[in-house]
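Have a look at this one.
Only a predicted model underlies this, so the values are computations on that prediction, with no experimental measurement involved. Proteins come first, then strands; the chains are lettered A, B, ... in the order of their sequence lines, and each starts at number 1. Below, each value reflects all heavy atoms present in this structure, side chains not excepted, and no hydrogens, waters or symmetry copies.
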Amino acid sequence: MKKKFLPKQIEKKWQKEWESKNIYSAKDFSKKKKYYTLVEFPYPSGDGLHTGHVRGYTAMDIIARKRRMEGYNVLYPIGWDAFGLPTENYAIQKGIHPSVVTKKNTDTFRRQLKALGFSFDWKREVNTTDPEYYKWTQWIFLQLYTHGLAYKKKMYINWCPKDKIGLANEEVVDGACERCGTKVEQKEKEQWLLRITAYADKLLAGLDTVDYIEAAKTQQKNWIGRSEGALVKFPIVTAQKKPLMDGVEVFTTRVDTIFGCTYLVVNPEHPILATHRAYIQNWDEIEAYSIQAKKKSELQRIDTSKEKTGVLIQGIHAHNLANKKEIPIFVSDYVLATYGTGAIMAVPAHDERDFQFAKKFNLPIVSVVSKDAQSRLDKEEMYTGEGFIINSGTFTGMTSKHAKSAIAKFVHGKSQTQYHLRDWVFSRQHYWGEPIPLVFCNACAERIQKGTHTENEFSKGELLNPGWIALSHKDVPVTLPRVRKYEPTHTGESPLAGIKKWVHTTCPKCGAPAFRETDTMPNWAGSSWYFLRYSDPKNKKACADYKKMKYWMSVDWYNGGMEHTTLHLLYSRFWNIFLHDIGVVPVSEPYKKRTSHGMILGEGGIKMSKSRGNVVNPDSVVQIYGADALRVYEMFMGPFTQSIAWDAGSIAGCSRFLNKVWDISTQKIVSRGTPTDTLLLQLHTTIKKVSEDIETMSFNTAISSLMIFINTCYGLDQIPQKVWEQFLRILAPFAPFITEELWSQLGHTKSIHTEPWPSFEKKYLQSTVTSLVCQVNGKKRAVIEIPTGTEKEAAMKIALQNDSFCKYVQGKEVLRSIFVPDKIINIIVKE
RNA sequence: GCUCGGAUGGCGGAAUGGUAUACGCGCAACACUUAAAAUGUUGUGAUCGCAAGGUCAUGUGGGUUCGAGUCCCACUCCGAGCACCA
């Protein structure tokens, strides 16, 4: 009687068995070579696991399982990135404490992940909202603070005037509040920032030492946006030719074009406006423009499609040091306050934005760079490339490259490097995050301001932010107090500000009354170091033991979503490099290799979303087809890096494949028997293909070759057990449950997942016959079977015996022939 | 606008410069069945032909080559990221 394949039964059974035997746990300091595989830990939302999680986790699971079979000591951990807005919003709506919601959600996620058979080491589970975990998140913040890498600054935040709360960028949809649709305004508020810009060069240089997919590297490079140029100071004079102090400093990467600079532009908040107000004749007009510009949100300012606006400053003008000409100064919001010096030299002939502005305000356009040495046309045209310098006095004729340094010297420019990267806004006015472990002490602030403090009394950070005192190692974790309402207050402060008892405390430095910082950390904090914690998740004395980190770090292979390749990757690299610099972490770069999977879209290629009702719940797929079928389907559905639409019908195909595997294993396996050469050839071809494809994440073609092998076996009456067992092993990482069951049915007592990975043998990879394609003038006319390795002349002889080939050659003049051994023969005849 | 990917049957896709369309889905016919589902077998790019066989097809237009989906040039469309960054 044939035993039926019932995925649900065997999956439950093996899940328990694996857990009780701990076959997937990583061993600290094992003599085996370590391999650290990492996936982005999920945010445990109320919706449960998403098909996208399954895609990335299955891929890394396959790699982790293959590495184990190859003899590595593998660490494949998981945890919960559980602080965040959706949980907080749910808590606000239902009045349930976020920690209760989190507990419920992580339980669901854990159950789902276990059901899918991922080989996580469950003993190393971490949770960012656990005080034992966020104690160290706070500790790392204190390290950053005392090293002078955190500072408080007034900033504009998104403010909903109806709800009277500050909004994170993620909560602003098309310039409006996500909840009520009211237009978001800008409100000034003090925020903590982390000085990630101090690490710009290290973050850039580190990229050369790691193996990330190209897209991730370029995205990081663009985000950091390093550009080298020169600072040039333009003197300014009043209408009465009275020179003014300071001048206006500009940053330019194209100092070679300075002879073509016909005006300057400063941003609406530029200090020269206020400083030289007395000389500015049209002050009212300029003030009105500045106020209007300030009102525009960041989003509106960024809209490049709109026409440029600006106002000419009357009463003062600048001198172009290069050609000694007098040039006007404008105020315009197309110049950003936050980049460079907040002022630019405009060269309309060689910069698109300057060109647009000059056209609109009818300003002179002087061409000073020509594309090539021959055509030195002085047309009123825009050209942003490099070339040969023209109309530039003694520099005329030089290449742009040479002129850069020569002209910089001539106008007393200082070389300067600028970055697009901005400091990391680190405070949030929300409840469900890590409290920032600082207190404000007036007494200490006064002593610092008066300079009456002793030399080593305060850290760098405390001197930088007078009065803000770091809590000591012993005072963390600062745990989240219970509050009645989780909504941010109407003043825009965090709900923690409402708990007087918690806010009022004493200064750890001097004992004077002090109050706590009530802002919390952003989502990114907990995930910026979790990979370190996995190496030693229970440590109470440090974020992780140095020796354990030395054994496990760096992460050998990190896979995650493309949406995290800029921020999360950059932030976590920043923290790791910093912790390495202060001697806490043994390696500088946290991840050796980074890959990304494509998104899974709903059927028809539209995004999966609750409102569209096209979200696929992995549970329901497991219910019908089993976990193995879901895993195989998600790996087979298409190229791993590409986004792809869900197709419910195709899962059936994968399920059929596993059914065939079951049927063969339960009906056709013979313990004794010699495999045919053809079967061995097929087996070893499959082993080779699957081994290679896993490494390049070409899971879809790996599965297709497994299917081809199964189709062959299905046509045979008997398969020798030895051959079959090799096949089961290479299928095991993809479908861990069914392979484990069939393996035990074949009489094995140990898990298939601890078996060695099969290696292919070259001697089986060669077939004795090959098909040779016969072409005439590059067109296929016949395919013949020849012994492998047949030489040209012999092959030609056999080919010409073939009628359908011969008739195209007969009676024609043969010009030449091309022969590629075992592949092709191509005869060129005169037509 | 810039950067990085893509474009191949009815659909998802495969293809170190060497048999384009592997593998899967779908569809059709047949077998099993009282019937259906499930399963199995066979077929399945378009077109001409009774057939043998031929011709045309990898977004568009050129080029290199004995030979191009693959390499080079130009263009069109789609997706992702960045975006007034001087």
Taking distance alone, no hydrogens or angles, what donor-acceptor pairs closer than 3.5 Å link side-chain atoms of residues 629-643 of chain A to residues at least two apart or in another chain?
{"from": "A:Arg631", "atom 1": "NE", "to": "A:Phe734", "atom 2": "O", "distance (Å)": "3.0"}
{"from": "A:Arg631", "atom 1": "NH1", "to": "A:Asp61", "atom 2": "OD2", "distance (Å)": "2.9"}
{"from": "A:Arg631", "atom 1": "NH1", "to": "A:Leu116", "atom 2": "O", "distance (Å)": "3.0"}
{"from": "A:Arg631", "atom 1": "NH1", "to": "A:Gly117", "atom 2": "O", "distance (Å)": "3.4"}
{"from": "A:Arg631", "atom 1": "NH2", "to": "A:Asp61", "atom 2": "OD2", "distance (Å)": "2.7"}
{"from": "A:Arg631", "atom 1": "NH2", "to": "A:Pro733", "atom 2": "O", "distance (Å)": "2.8"}
{"from": "A:Tyr633", "atom 1": "OH", "to": "A:Asp647", "atom 2": "N", "distance (Å)": "2.9"}
{"from": "A:Tyr633", "atom 1": "OH", "to": "A:Asp647", "atom 2": "O", "distance (Å)": "3.4"}
{"from": "A:Glu634", "atom 1": "OE1", "to": "A:Arg55", "atom 2": "N", "distance (Å)": "3.0"}

Practice task
Keeping to residues at least two apart or across chains, list the salt bridge (charged side-chain N to carboxylate O under 4.0 Å, His left out) pairs with something in residues 770-792 of chain A.
Solution key: none
Problem - Donor-acceptor pair, side chain of A:Thr341 and main chain of A:Glu249, under 3.5 angstrom - result: yes
Practice task
Please name all residues satisfying salt bridge (Lys or Arg N to Asp or Glu O under 4.0 Å) with A:Arg594, sequence neighbours left out, ordered by chain then number.
Solution key: A:Glu40
For nucleotides 6-14 of chain B, which of its nitrogen or oxygen atoms have a protein nitrogen or oxygen under 3.5 Å away, and what is each distance?
{"from": "B:G12", "atom 1": "O2'", "to": "A:Met637", "atom 2": "O", "distance (Å)": "2.6"}
{"from": "B:G13", "atom 1": "OP1", "to": "A:Gln642", "atom 2": "NE2", "distance (Å)": "3.2"}
{"from": "B:A14", "atom 1": "OP1", "to": "A:Asn700", "atom 2": "ND2", "distance (Å)": "3.1"}

Fill in the blank from the handout: Residues at least two apart in sequence or cross-chain that pass salt bridge (Lys or Arg N to Asp or Glu O under 4.0 Å) with A:Lys8, listed by chain then number, are none
Pairs under 3.5 angstrom, nitrogen or oxygen only, protein versus nucleotides 38-41 of chain B, please.
{"from": "B:U39", "atom 1": "OP1", "to": "A:Arg656", "atom 2": "NE", "distance (Å)": "3.3"}

Handout entry: A:Glu692: salt bridge (Lys or Arg N to Asp or Glu O under 4.0 Å) partners, not counting sequence neighbours
Key = A:Lys688
Problem - With A:Ser665 via side chain to side chain donor-acceptor pair (under 3.5 Å) - residues at least two apart - result: A:Trp724
Exercise for the section: Taking salt bridge (Lys or Arg N to Asp or Glu O under 4.0 Å) as the test, write out the residues that go with A:Asp211, two or more places apart. Expected result: none
Problem - Heavy-atom side-chain contact between A:Tyr625 and A:Pro7 under 4.5 Å - result: no
I'd like a table of atom pairs between the protein and nucleotides 43-48 of chain B - only N or O on both sides, under 3.5 Å - with the distance next to each one.
none

Handout entry: Check: A:Thr218 side chain, B:U3 base, donor-acceptor under 3.5 Å
Key = no
Every protein N/O lying under 3.5 Å from an N/O of nucleotides 64-68 of chain B:
{"from": "B:C66", "atom 1": "OP1", "to": "A:Arg816", "atom 2": "NH1", "distance (Å)": "3.2"}
{"from": "B:C66", "atom 1": "O2'", "to": "A:Asn826", "atom 2": "ND2", "distance (Å)": "3.4"}
{"from": "B:C66", "atom 1": "O2", "to": "A:Asn826", "atom 2": "ND2", "distance (Å)": "2.5"}

Completion exercise
The side chain to side chain donor-acceptor pair (under 3.5 Å) partners of A:Lys360 (sequence neighbours excluded) come to A:Glu307
